[in-house]
Amino acid sequence: MVTGPVGRAELWSRLIGRLSEPAGSVILLAGEPGSGRSHLLRKFGEAATASGLRSVGCTDSIGVEKTTKLADVARVLAALLDAERGPTAPEPAEHGRWLRQLLDTLSTAAQPEREVFGMLSEAAPIVVGIDGYTPSSTLDLWFATRLIPRVRSATQPTILVITGQRAALATLEPVATETLELGPLDRAEVIAHLSAVGAGLAPPITEAELSGYYQSIAEDPRLLRGLTMVFKAAADRGR
């Protein structure tokens, strides 16, 4: 079982619940850079894979850059396909065929949009992650009026997870299934975690020290990983 990020138990529970839904959903993860959006997306991708769903765009951070052309979406999806296959993987397996066809469709204006959506349906059950959403107004409109409604109307598990700053996600919020805000990490969870990994340190970590560590982590969640590694290494040396 894949465990969620430390300090995100409530948010993680709501995310994991989406994996058991029989239809489509679109989840927005809103937070500032450094808030842990990418880490949360990676963990969710791992959980999706463990649950038997395909997962693309969650392990490797792939963003949607500002553009007015759907060809850029094709470029991003091509990168997702490369990430899914890996640098030494053989020719695309059946599970990657839909994505290659999708790229071809997006790059050929004569192909009707319904074929794109048909291929998305063929790919289910699947989780698709888009990490770092900063599109142009044209692409933003396409996501809001065409892509998201189609994903939400899917009759098979199809989960689109989009991360970004709250302002960048504003157009999508009214049509998304749910917006999850990445605020400060839960204090009790973080302190319990640090106490556990630092058990056995000499001298023991004090409550005042733990409180100070949390304050630093609340300002920059990326510090949690470093502190965890240091505490574990120090505790191992002391045993």
Side-chain angles (χ1 to χ4, degrees), residues 1-20 27-63 83-84 86-88 127 129-133 159 161-169 178-239:
M1 179 179 180
V2 178
T3 58
V6 175
R8 301 288 188 201
E10 181 180 352
L11 190 151
W12 181 251
S13 177
R14 291 166 67 179
L15 262 181
I16 289 298
R18 295 292 176 187
L19 293 177
S20 59
I27 312 302
L28 307 181
L29 298 181
E32 296 301 312
S35 62
R37 302 176 318 204
S38 297
H39 181 53
L40 183 61
L41 181 61
R42 285 194 296 272
K43 284 284 190 179
F44 187 61
E46 292 173 9
T49 300
S51 299
L53 281 74
R54 299 186 182 106
S55 172
V56 292
C58 298
T59 302
D60 296 315
S61 296
I62 303 294
E84 184 183 42
T88 60
V127 170
I130 296 177
D131 192 17
Y133 183 76
I159 306 171
V161 184
I162 305 174
T163 82
Q165 293 179 270
R166 194 68 182 254
L169 300 173
E178 184 176 19
T179 299
L180 300 178
E181 184 80 40
L182 276 73
L185 299 179
D186 182 82
R187 187 178 189 278
E189 279 188 65
V190 170
I191 288 180
H193 169 76
L194 292 177
S195 297
V197 297
L201 288 178
I205 306 172
T206 66
E207 291 294 328
E209 287 173 326
L210 287 171
S211 181
Y213 289 136
Y214 173 75
Q215 291 303 319
S216 297
I217 291 168
E219 295 175 6
D220 186 355
R222 292 170 292 189
L223 293 175
L224 179 59
R225 183 172 182 270
L227 276 172
T228 298
M229 294 174 64
V230 169
F231 282 8
K232 285 183 176 178
D236 289 342
R237 284 198 303 270
R239 291 189 179 97

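What's counted below: heavy atoms across the whole structure, side chains too, no hydrogens, waters or symmetry copies.
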Can you name the nearest heavy-atom pair linking Gly34 to Pro221, along with the distance?
-> O-CD, 3.2 Å
What are the two closest non-hydrogen atoms of Ser55 and Gly45, and how far apart are they?
->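 Minimum heavy-atom contact is OG-CA, 3.4 Å.
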SB check Arg166 Glu32 (cutoff 4.0 Å) | no
Spatial distance of atom [atom1] ([X]) from atom [atom2] ([Y]) [nearest 0.5 Å]:
| X | Y | atom1 | atom2 | result |
| --- | --- | --- | --- | --- |
| Leu223 | Ser216 | CG | OG | 6.5 Å |
| Ile159 | Leu15 | CD1 | CG | 9.0 Å |
| Glu181 | Leu28 | CD | CG | 10.5 Å |
| Leu210 | Leu227 | CG | CG | 10.0 Å |
| Leu185 | Ile191 | CG | CD1 | 11.5 Å |
| Leu40 | Leu180 | CG | CG | 8.0 Å |

Any residue meeting side-chain contact (heavy atoms from CB on, under 4.5 Å) with Ala47, in chain and number order, not counting sequence neighbours | Val2, Trp12, Ile16, Leu19
Pairing residues for Val230 by the side-chain contact (heavy atoms from CB on, under 4.5 Å) criterion, not counting sequence neighbours |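 Val230 satisfies side-chain contact (heavy atoms from CB on, under 4.5 Å) with no other residue.
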Is any side-chain heavy atom of [X] closer than 4.5 Å to a side-chain heavy atom of [Y]?
| X | Y | result |
| --- | --- | --- |
| Ile162 | Leu169 | yes |
| Cys58 | Val127 | yes |
| Glu178 | Arg18 | yes |
| Phe231 | Ile205 | yes |
| Gln165 | Pro33 | yes |
| Arg8 | Leu182 | yes |
| Thr179 | Ile27 | no |

Verdict with supporting geometry, Leu224 and Leu194, side-chain contact (heavy atoms from CB on, under 4.5 Å) = CA-CA 9 Å; Leu224 179 59; Leu194 292 177; 4.0 Å; yes
Where the side chain of Thr163 meets the backbone of Gly132, is there a donor-acceptor pair that is under 3.5 Å apart?
->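 Checked: pair present.
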Is it true that a side-chain atom of Ser13 and a backbone atom of Ala9 form a donor plus acceptor pair closer than 3.5 Å?
->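 Pair absent, no side-chain N/O of Ser13 close to backbone of Ala9.
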Mind running side-chain contact (heavy atoms from CB on, under 4.5 Å) on Leu53 and Thr49 for me, showing each step along the way?
-> CA-CA 5 Å; Leu53 281 74; Thr49 300; over 6 Å; no
Any side-chain hydrogen bond (donor to acceptor under 3.5 Å, both in side chains) pairs touching residues 201-215, not counting sequence neighbours?
-> Arg187-Ser211, Thr206-Glu209
